[in-house]
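Side chains are part of it too, since the values below use all heavy atoms of this structure and drop only hydrogens, waters and symmetry mates. This structure is a prediction, so every number in the text was calculated from the model and none was measured.
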Amino acid sequence: MARPISASHELRRDEILNVAAALFARQSYPATSMNDIAGACGTSKARLYHYYESKEAILFDLLDRYTQRLLVLIGQAEGTAHRQKLDERAALHQLIRAFLAEYETSATRHAALLGSTQFLSDAQREVILNRQRDVVAAMTRFVRRAYAPQVTAQNQTAVTMMLFGMINWTFTWLRPGGPISYTAFAEQVIGLLEQGLAGGTVQTSGKAA
């Protein structure tokens, strides 16, 4: 009978993932070695292999957990909207706030998601890409419901990707303790959506939608 994985084992894996994500963000995935990760964790490479068989395995676990976390946020937003009887627009706004709150504490993981997925095996990459597609599809549903009729089947992808464009690269410039907080930025994003979509006109292929 296989021995169950202890809680301390999982905590150690979490620590390794945190350290690896920081290294990948600072010096890139290709430039980071297992020796680098082991040294930053204060352990030996042999001990590191007790937890992960390769650097690729670390990257996949990092992205696997993070993309699952993003899907959990979507499910939680849907549940909160249902319990609190929020309208569709308020539900989207809450999801934006939840994503940016997550991004504040997961900047290095998000950097790995956007910059290192190509280093996974084909099968691993497909798992992560499918999760990303699920996140985009869910956000598209939120946007479409929140801002109908301005957001249509024809322009929903463009509007959703515009929203992701505003929030997905915050790890490159938005710093905790800086002149604007993640919380304040979330309200600015929501304000831009309200000004641009609520009762407004969205252009699609040169024509008003």
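Listed here is the closest heavy atom pair of Leu59 and Ala112: CD1-CB, 4.5 Å. Of all non-hydrogen atoms in Pro176 and Tyr182, the two that sit nearest each other are CD-CE1, 4.3 Å. Considering all non-hydrogen atoms of both residues, Thr117 and Leu129 come closest at CG2-CD2, 4.4 Å. Between Asp61 and Arg13, the closest heavy-atom pair is OD2-NH2, 3.3 Å. Between Ile58 and Ala20, the shortest heavy-atom distance links the atoms CG2-CB, 3.6 Å. Heavy-atom minimum distance, Thr32 versus Leu23: OG1-O, 3.6 Å.
Under the 4.5 Å side-chain heavy-atom criterion for Ile, Leu, Val, Met, Phe, Trp and Tyr, Tyr29 and Tyr51 are members of the same hydrophobic cluster. Hydrophobic clustering (ILVMFWY, side-chain heavy atoms < 4.5 Å, transitive): Leu192 and Leu197 are in one cluster. Under a hydrophobic-cluster definition in which Ile, Leu, Val, Met, Phe, Trp and Tyr are linked whenever side-chain heavy atoms come within less than 4.5 Å, directly or via other members, Phe142 and Val136 are assigned to the same cluster. The hydrophobic clustering, which links ILVMFWY residues whose side-chain heavy atoms are closer than 4.5 Å, places Phe171 and Leu62 apart. Clustering ILVMFWY residues whenever any of their side-chain heavy atoms sit less than 4.5 angstrom apart, transitively, puts Val19 in the very cluster that holds Phe119.
Atom CD of Glu15 is separated from atom SG of Cys41 by 5.5 Å, given to the nearest 0.5 angstrom. Note that the OG1 atom of Thr157 and the CZ atom of Arg144 stand 10.0 Å from one another [nearest 0.5 Å]. Atom NZ in Lys45 sits 7.5 Å away from atom OG in Ser33 (nearest 0.5 Å). Going from atom CG of Leu86 over to atom CG of Leu92 covers 11.5 Å, rounded to the nearest 0.5 Å. Note that the CD1 atom of Ile190 and the CZ atom of Arg89 stand 12.0 Å from one another [nearest 0.5 Å]. Between the CG atom of Leu73 and the CZ atom of Arg97 there is a distance of 14.5 Å, given to the nearest 0.5 Å.
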Practice prompt. Test Met139 against Ile74 for side chain to side chain contact (heavy atoms under 4.5 Å, CB included), laying out the working first.
Written response: CA-CA 8 Å; Met139 185 66 82; Ile74 292 167; over 6 Å; no
Fill in: Glu194/His93 under side chain to side chain contact (heavy atoms under 4.5 Å, CB included): CA gap, chis, key distance, verdict
CA-CA 10 Å; Glu194 284 289 282; His93 297 171; 3.6 Å; yes
Discussion item. side-chain hydrogen bond (donor to acceptor under 3.5 Å, both in side chains) for Arg83 and Thr80? Distances and angles first, verdict last.
Written reply: CA-CA 5 Å; Arg83 287 194 310 274; Thr80 298; 3.3 Å; yes
Worksheet item: What do the steps show when you test Met162 against Leu193 for side chain to side chain contact (heavy atoms under 4.5 Å, CB included), and what is the final call?
Response: CA-CA 10 Å; Met162 177 190 70; Leu193 289 178; 4.3 Å; yes
Practice prompt. Evaluate side chain to side chain contact (heavy atoms under 4.5 Å, CB included) for Tyr52 paired with Ile37, printing each intermediate quantity in order.
Written response: CA-CA 11 Å; Tyr52 288 102; Ile37 298 170; over 6 Å; no
Discussion item. Could you walk me through whether Arg109 and Glu102 satisfy the salt bridge (charged side-chain N to carboxylate O under 4.0 Å, His left out) test, starting with their C-alpha distance in whole Å, then the side-chain angles of each, then the deciding distance to 0.1 Å, before giving a yes or no?
Written reply: CA-CA 10 Å; Arg109 283 171 164 74; Glu102 179 67 28; over 6 Å; no
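Classification of Arg125 and Asp122 as a salt-bridged pair holds, one side-chain N sitting under 4.0 Å from a carboxylate O.
For the salt bridge (charged side-chain N to carboxylate O under 4.0 Å, His left out) test, no residue two or more places apart in sequence or in another chain qualifies with Arg141.
Put simply, the side chain of Tyr147 does not reach to within 4.5 Å of the side chain of Val159, judged on heavy atoms. The shortest side-chain heavy-atom distance between Val135 and Phe99 falls under the 4.5 Å cut-off. Residues Gln76 and Leu95 have side chains not in contact (no heavy-atom distance under 4.5 Å, counting atoms from C-beta outward). Counting only heavy atoms from C-beta outward, the side chains of Ile180 and Gln188 approach each other to under 4.5 Å.
Remark: side-chain polar atoms of Asn130 are paired, donor with acceptor, to backbone N or O of Glu126 under 3.5 angstrom. The main-chain N or O of Ile167 is found under 3.5 Å from a side-chain atom of Thr170 such that the two form a donor-acceptor pair. The backbone N or O of Gln150 sits less than 3.5 Å from a side-chain atom of Asn155, completing a donor-acceptor pair. The closest donor-acceptor contact from the side chain of Gln27 to the backbone of Phe24 lies at 3.5 Å or more, if one exists at all.
The aromatic ring centres of Tyr103 and Trp169 sit 6.0 Å or more apart.
Using a 3.5 Å distance cut-off with no hydrogens or angles, the side chains of Asp64 and Gln124 do not pair a donor with an acceptor. In this structure, a donor-acceptor pair under 3.5 Å is absent between the side chains of Gln156 and Thr140. Using modelled atom types and a 3.5 Å distance limit, the side chains of Arg65 and Gln68 yield no donor-acceptor pair. When only modelled atom types and interatomic distance are considered, Gln154 and Thr152 share a side-chain donor-acceptor pair under 3.5 Å.
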